[in-house]
Each structure stands twice: as C-alpha cells, then as structure tokens.
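Numbers restart at 1 for each chain; the letters A, B, ... are given by sequence-line order, proteins then strands. Scope of the values below: all heavy atoms of this structure, side chains included, with no hydrogens, waters or symmetry mates.
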There are 2 protein chains.
Amino acid sequence: MRKLPAKLASQLYGAAELIAERGLDGTKIEDIAEATGIPKATIYYHLDGKNAVLEFLLSDLLDMIAGAVGVAVSSAEDARTRLEAAVVAQLGVMLEHPFLCRALVGDLGRATRLPELALALRAAFYEPIEQLLADGVADGSLRQVPNPGAVALSVFGAITVAGLTAAVEGPSDAPSADAVRLSASICELIFDGLATRGS
Amino acid sequence: MRKLPAKLASQLYGAAELIAERGLDGTKIEDIAEATGIPKATIYYHLDGKNAVLEFLLSDLLDMIAGAVGVAVSSAEDARTRLEAAVVAQLGVMLEHPFLCRALVGDLGRATRLPELALALRAAFYEPIEQLLADGVADGSLRQVPNPGAVALSVFGAITVAGLTAAVEGPSDAPSADAVRLSASICELIFDGLATRGS
DNA sequence: CACTGGTTTGTACTTCCAGTACAACATACG
DNA sequence: CGTATGTTGTACTGGAAGTACAAACCAGTG
C-alpha cells in the first residue's frame with residue numbers, strides 16, 4: 001500500500017480540492033473517483049479506504065514541509081537565523097498548497113487520530129522548532145526561557161495558525177512573496193515581542 | 001431547537017468524553033444515547049442530528065470562554081495587563097474542560113463548517129485579542145507593528161495551540177494554577193520575545 | 001375529572017454509502 | 001504461450017443516520 005504508481009498518485013491530487021471544500025465526510029468515494037478519473041475499484045485496490053486517501057495526501061504535504069524546513073535548518077548560521085529560514089520555508093510550502101492545508105485543517109481530528117500522520121505532523125511542524133529553540137540557547141542567539149516546552153509549543157502555534165489561516169483564506173498568486181511577508185511579521189513577534197521598548 | 005430543557009442539556013455532557021475520545025464519526029448516535037441515558041428518539045426530537053450535538057457542546061464551551069475573557073478584558077487596566085488577564089481566563093476555562101477541548105480539536109473541521117460555531121469560535125478566541133492589540137497601541141502599553149492582522153493571528157495561535165495541547169494532553173488536577181503558569185510562559189513570549197537582549 | 005397540548009419513548013422502516021466480492025479484461029514479461 | 005500483476009465494471013452486504021408513527025406520559029386548565 002505504500003507504493004502506489006506515480007500516475008495514480010498524481011491523479012489523486014484532483015481530490016484535494018474536493019476534500020478541502022466539503023471535508024472527508026462530505027465527500028463520497030464515488031465523488032473522488034469521478035474527480036480523479038480513478039475508478040472506485042481501483043482506488044480500493046491500492047488504498048484501504050477513505051482515510052487512506054486523506055493520509056496519502058496529507059503525508060505528502062507533511063513530507064514537503066519537513067523537507068523544506070530540514071533544508072532551511074541545516075545551514076551554518078546561528079539558530080535565530082535558521083529559525084527565520086525555517087519559518088519562511090514552512091509558510092512557503094503551505095501557501096503553495098492551499099488545498100492540502102485546507103484539507104488538513106478540515107480533517108485535523110482525523111489526521112491526529114491516524115498514528116502515522118500524527119507523527120508526521122509532529123515531525124514537520126513541531127520538532128524542528130523545538131530543536132532550534134534549544135540550539136539558540138546553546139549558541140547564544142536566542143534567550144533562555146523558564147519553560148522551553150510551553151514556549152516551543154506557542155511558537156509552533158503562532159507560525160502554524162498564521163500559515164494555515166493564510167492558506168485557507170486566499171489561494172495567493174505569489175505564494176513565496178506572501179510567505180516572506182508573513183514570516184517577517186511572525187518573526188518580529190516571536191523575536192522582539194509586543195511590549196513597548198524602553199529604548 | 002435553541003432551548004433544550006436544562007435537564008437534558010446537563011445529561012448531554014456525558015457524551016463529551018465519548019466524542020473527545022473517538023471523534024464524532026467514531027461515535028454512534030446509539031452510543032450517545034446509551035452514555036447519556038437519553039433515548040435516541042428523544043435526541044432527535046430536540047436536536048437535528050449528530051452535528052447538532054457537537055454544536056451544542058462546543059457552543060457552550062465557546063460561550064464560557066467568551067464570557068470569561070469578556071470579564072477579564074473589561075477592567076480599567078492598560079491593554080497589556082488586560083491581555084495577560086485574558087490569556088489566564090481563556091486558559092483557565094480550557095483547562096477546566098479538557099474533554100470539550102479535545103472534542104473541539106478533534107472535530108475542528110466540522111466545527112468550522114458549522115456557521116454558528118465558526119462565528120462563536122472567532123468571537124471567543126480571536127476577536128478579543130485583536131481588540132486588545134489595537135487598544136495597546138492606543139494606550140501605549142503595546143508596540144505598534146506593521147501588520148497587526150497577521151500578528152493578532154499569531155498571538156491567537158500561540159495562546160490557543162498551547163492551551164489546547166495542554167488540555168488535550170493531561171486533564172490536570174489544578175486547572176487554574178496550571179493556567180496561570182502556562183499563561184506566564186506565553187505572555188513572556190508574546191511580550192518580550194526570544195531574541196537575546198542587549199541589556 | 002376529562003380535554004388538550006406538548007414531551008418522551010419504543011419500534012420498525014428507509015436511505016445512503018463504505019467497503020467487499022468477483023469475474024472479466026489488460027498488460028507485461030519470462 | 002501462460003502466469004502474474006494490475007485494472008475495472010457490477011452487483012452485493014452491512015451498518016449507521018435519520019424518519020415515521022403510535023403509544024404513553026405529564027402538565028395545566030376549565
């Protein structure tokens with residue numbers, strides 16, 4: 001089940017918009033069959049049901065994010081700079097795949113209940129951030145905080161919610177420019193905060 | 001449909017844990033009937049189906065949050081202080097109702113597709129924050145940022161994700177103490193940021 | 001008390017859809 | 001050619017949501 005032919009895989013993306021729009025519940029297998037041109041029997045030959053369709057689509061998105069972030073994170077810069085790069089990378093992928101993001105948000109519950117996906121979610125979104133915050137303390141580019149776990153979670157939330165919302169709201173025609181802009185706002189928040197400065 | 005008898009309403013809460021655990025899909029109406037003691041026919045007499053059960057439970061949670069936050073926000077302090085109070089209030093309610101939070105996360109997609117709930121979600125979580133950030137700029141207790149909308153969204157994400165995760169992970173035995181602790185971490189992040197200070 | 005209107009509930013039914021079974025067909029490759 | 005692996009149509013099964021409805025129940029109210 002883990003190696004469906006490339007051709008089918010690419011056709012399956014035709015279902016993303018459908019699922020994004022109506023949710024997996026509101027989408028009949030027959031609809032997916034029609035939208036993708038893959039007959040129902042064939043879908044069932046390769047995939048173990050509806051959930052597997054979602055799982056396939058989302059794990060792909062998550063892999064893309066994890067990949068892009070992984071690249072961004074592995075430069076030689078200090079952690080703070082790498083965190084900025086990671087945010088841009090993550091938002092870039094998200095804004096480029098708005099339908100997948102909408103599907104993810106819409107069926108988040110299901111996603112977190114699919115063990116494979118839950119892991120991939122963590123790996124794509126949360127872990128890199130957690131790691132970077134720790135690195136930043138080590139290399140002095142970020143500040144030590146009393147409760148790193150909670151803070152990492154909040155940073156993760158700040159980035160992800162902003163990204164998902166942006167992706168969900170409007171498919172943009174210049175995703176990577178938007179990603180840069182949005183990431184600037186987010187980084188300003190998480191680095192400098194909102195308090196009025198003495199300086 | 002908006003005024004089910006108090007007795008039934010209270011019984012319905014018995015379904016929250018069930019839904020939190022398995023998701024609405026994984027929960028049969030018959031299960032809900034059994035868990036709450038309300039027979040299926042009666043459920044259908046008052047409510048228009050499964051979604052309405054979820055809608056009832058979640059709109060209640062959202063009302064509680066909106067209420068608590070509303071109180072916190074309406075003090076005479078400066079915006080920054082009120083924002084802190086709002087965070088504590090929001091987290092307090094969330095940690096006190098872990099099952100409802102889990103149900104919310106698990107069926108977020110469905111929730112956002114129910115128009116009433118989508119509005120209540122916005123009103124409970126996002127709008128107060130947006131307002132406070134604006135107030136803060138006005139009264140000088142918070143800094144002006146180039147893109148207030150995006151920042152408000154990130155702040156919202158930071159608080160909500162941290163809160164939901166905490167609620168989902170472990171039902172705590174001292175919710176309000178935990179809320180205070182967690183909110184301190186979050187506020188430190190959103191006010192002071194993570195950059196290393198010159199000072 | 002009897003009448004009336006709303007609730008409550010059991011039971012049986014309809015409908016819809018995910019998933020299965022299976023047979024016929026295609027394609028490839030030895 | 002023939003065996004294996006994929007592809008697809010069609011018909012079926014099973015389970016759960018939601019509906020229909022009638023019988024019971026429970027106020028009030030005259």
Side-chain angles (χ1 to χ4, degrees), chain A residues 1-59 103 106-111 113-117, chain B residues 1-58 103 106-107 109-111 113-117:
Chain A
M1 176 196 150
R2 180 71 328 161
K3 60 275 148 164
L4 41 166
K7 187 180 161 204
L8 284 194
S10 78
Q11 280 178 284
L12 256 195
Y13 282 90
E17 184 166 355
L18 218 52
I19 295 174
E21 216 67 53
R22 316 186 198 162
L24 195 61
D25 282 329
T27 312
K28 289 178 272 199
I29 284 274
E30 298 282 9
D31 296 342
I32 296 177
E34 197 175 344
T36 59
I38 312 169
K40 173 174 152 177
T42 308
I43 296 178
Y44 276 106
Y45 181 78
H46 291 285
L47 265 33
D48 316 351
K50 241 176 161 189
N51 279 345
V53 175
L54 186 72
E55 192 163 354
F56 166 77
L57 290 174
L58 293 188
S59 71
D107 285 285
L108 190 74
R110 212 184 239 97
R113 235 171 257 114
L114 269 19
E116 297 250 326
L117 267 191
Chain B
M1 176 195 149
R2 182 64 339 156
K3 61 275 149 168
L4 42 166
K7 187 182 162 203
L8 284 194
S10 79
Q11 279 177 285
L12 255 195
Y13 282 90
E17 184 166 356
L18 219 52
I19 295 175
E21 217 67 51
R22 318 188 196 159
L24 195 60
D25 282 329
T27 312
K28 290 178 272 198
I29 285 274
E30 297 281 11
D31 296 341
I32 296 178
E34 197 175 343
T36 58
I38 312 169
K40 175 175 150 176
T42 308
I43 296 178
Y44 276 107
Y45 180 78
H46 291 284
L47 265 32
D48 318 350
K50 242 176 161 190
N51 279 346
V53 175
L54 186 72
E55 191 163 354
F56 166 76
L57 290 174
L58 293 188
D107 285 284
R110 211 183 240 99
R113 236 171 257 113
L114 270 19
E116 297 249 328
L117 266 193

- Query: With a 4.0 Å cut-off on heavy atoms, is A/Lys40 in touch with a base, just the backbone sugar-phosphate, or nothing at all?
  - Reply: base
- Item | Side-chain (A/Thr42) to main-chain (A/Ile38) donor-acceptor, under 3.5 angstrom | no
- Quick one: how far along DNA chain D does chain A reach, first to last nucleotide 5' to 3', anything under 4.0 Å to a heavy atom? D/dG6 to D/dG9
- Whole-Å distance between C/dT9 C1' and B/His46 NE2? 11 Å
- State whether A/Asp25 and B/Arg113 are salt-bridged, where the test is any N-O pair (Lys NZ or Arg NE/NH1/NH2 against Asp/Glu carboxylate O) under 4.0 Å. no
- Please state whether the phosphate of C/dT8, meaning OP1 or OP2, lies under 4.0 angstrom from any side-chain nitrogen or oxygen of B/Tyr45. no
- Assess whether atom CD of B/Glu34 is packed by more than 12 heavy atoms of other residues, nucleotides or ligands within 6.0 Å. no
- Message: Nearest 0.5 angstrom please: A/Leu54 CG to A/Leu12 CG, how far?
- Response: 11.0 Å
- State, to 0.1 Å, how close A/Ala35 and A/Leu18 come at their nearest heavy-atom pair, and which atoms those are. CB-CD2, 3.7 Å
- Query: Tell me: OH of A/Tyr44 to P of C/dG19, nearest whole Å?
  - Reply: 4 Å
- Query: Which whole-number value in Å describes the distance from A/Ile43 CD1 to C/dC17 P?
  - Reply: 15 Å
- 5' precedence on DNA chain D between B/Lys50 and B/Ala41 (nearest-nucleotide basis): B/Lys50
- Item | Nearest-angstrom distance from the residue atom CD of B/Glu30 to P of C/dG10 | 10 Å
- Taken to the nearest whole Å, CG/A/Asp31 to P/C/dG19 is 14 Å
- Write down the distance between CD1 (A/Ile32) and P (C/dC17), rounded to a whole number of angstrom. 13 Å
- Query: What is the distance, rounded to the nearest whole Å, between atom CG of B/Asp25 and atom P of C/dA18?
  - Reply: 11 Å
- Under the side-chain contact (heavy atoms from CB on, under 4.5 Å) rule, collect the residues that match up with A/Ile29, sequence neighbours excluded. A/Lys40, A/Tyr44, A/Lys50
